[in-house]
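Atoms considered below: every heavy atom in the structure, side chains included; atoms not considered: hydrogens, waters and symmetry mates.
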Amino acid sequence: MVGKSRKEAMAETRQKLLAAGRKAFGTIGYAASSMDDFTAEAGLTRGALYHHFGDKEGLLRAVVEEIDSEMSERLLAISMKAPSRWQGLVDEWIAYIEMALEPEIQRIMFRDAPAVLGDPSQWPSANACIMALKTNLDAAKTEGQLIDVDTEVAARLINGASSHAATWIASADDPEATSKRAVAGFRLLLESLRKPDHGGTA
């Protein structure tokens, strides 16, 4: 049996640390977790963690990138299942807000990460997300589904509102009840962008 190459071994080490960090951040949280938690869980040394991620914050950043990618894949799948472009847009952004009810996403993405890494609107993935939404809004506008609105402004406001709603849900005493209120208000926000005479429901 051929042994693992150095590249494969490093990739495996990185993934073990990433999984250990994700487990700790998702259960006990960023503040309560330690470097020793990650290395003990992965059966590795601190040196390996420093090599791959630099420090605890670097590991959190990598975990956030991984979860963000997974969320994007899930949201795209939801959008693709919708019967129309507009319905896909609505379903995707409502689903994003409702993801704040999922324990791991709630704690890592909407509570700890903003506190440690700063404003989510400044994260590297944010601008790409906004531009993708703008493209969808441009297409919906061309198809005559939207009012005469600056689609970049609309995309940034939708992104900001959904992010704020998710953070609100994540920190609420009653996340389920807060989610229902947030989703209802967000639907009204999106519906205000549609032409009144455009048929169908959101």
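- Side-chain contact check for Phe38 versus Lys56: some heavy-atom pair is nearer than 4.5 Å.
- Here Lys134 pairs with Asp138 under the side chain to side chain donor-acceptor pair (under 3.5 Å) rule; sequence neighbours left out.
- Once rounded to the nearest 0.5 Å, the distance linking CZ of Arg194 with CH2 of Trp86 reads 6.0 Å.
- In this structure, CZ in Arg14 is found 13.5 Å from CG in Leu44, a value given to the nearest 0.5 Å.
- For Asp119, there are no salt bridge (charged side-chain N to carboxylate O under 4.0 Å, His left out) partners, not counting sequence neighbours.
- For residues 19-35, the salt bridge (charged side-chain N to carboxylate O under 4.0 Å, His left out) pairs, not counting sequence neighbours, are Arg22-Glu66, Arg22-Glu70, Arg22-Glu104, Lys23-Glu41.
- The salt bridge (charged side-chain N to carboxylate O under 4.0 Å, His left out) check on Arg61 picks up Glu57, with sequence neighbours excluded.
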For residues 159-167, dump all side-chain donor-acceptor pairs below 3.5 Å to protein atoms at least two apart in sequence or in another chain.
| residue | atom | partner | partner atom | Å |
| --- | --- | --- | --- | --- |
| Ser162 | OG | Ile158 | O | 3.1 |
| Ser162 | OG | Asn159 | O | 2.9 |
| Thr167 | OG1 | Ser163 | O | 3.0 |

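- Ile28 and Ile108 end up in different hydrophobic clusters when Ile, Leu, Val, Met, Phe, Trp and Tyr side chains are linked at under 4.5 Å.
- Every residue was checked against the side chain to side chain donor-acceptor pair (under 3.5 Å) condition with Arg181, not counting sequence neighbours, and none meets it.
- Listed by chain and residue number, Lys141 satisfy the side chain to side chain donor-acceptor pair (under 3.5 Å) test with Asp148 (two or more places apart in sequence, or in another chain).
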Please tabulate, for side-chain N and O atoms in residues 92-99, each donor-acceptor pair with protein atoms closer than 3.5 Å (sequence neighbours left out).
none

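- We find the CD-CG distance between Gln106 and Leu101 to be 7.0 Å, quoted to the nearest 0.5 Å.
- Alongside Leu157, the hydrophobic cluster contains Val153 (criterion: ILVMFWY side chains under 4.5 Å).
- Members clustered with Leu76: Met80, by chain and number, using a 4.5 Å side-chain heavy-atom cutoff among hydrophobic residues.
- Look at Arg46 and Asp36 and you find a salt bridge, because one of the NZ, NE, NH1 or NH2 atoms lies within 4.0 Å of a carboxylate O, short of that distance.
- Of the inter-residue distances, the one linking Arg85 atom CZ with Leu137 atom CG reads 10.0 Å to the nearest 0.5 angstrom.
- In the hydrophobic clustering, where aliphatic and aromatic side chains (Ile, Leu, Val, Met, Phe, Trp, Tyr) are joined below 4.5 Å either directly or transitively, Leu188 stands alone.
- Note: Glu12 CD to Leu17 CG = 11.0 Å, rounded to the nearest 0.5 Å.
- To the nearest 0.5 Å, atoms CG (Leu49) and CG (Asp55) are separated by 8.5 Å.
- Scanning for salt bridge (charged side-chain N to carboxylate O under 4.0 Å, His left out) contacts around Arg156 gives Glu152, with sequence neighbours left out.
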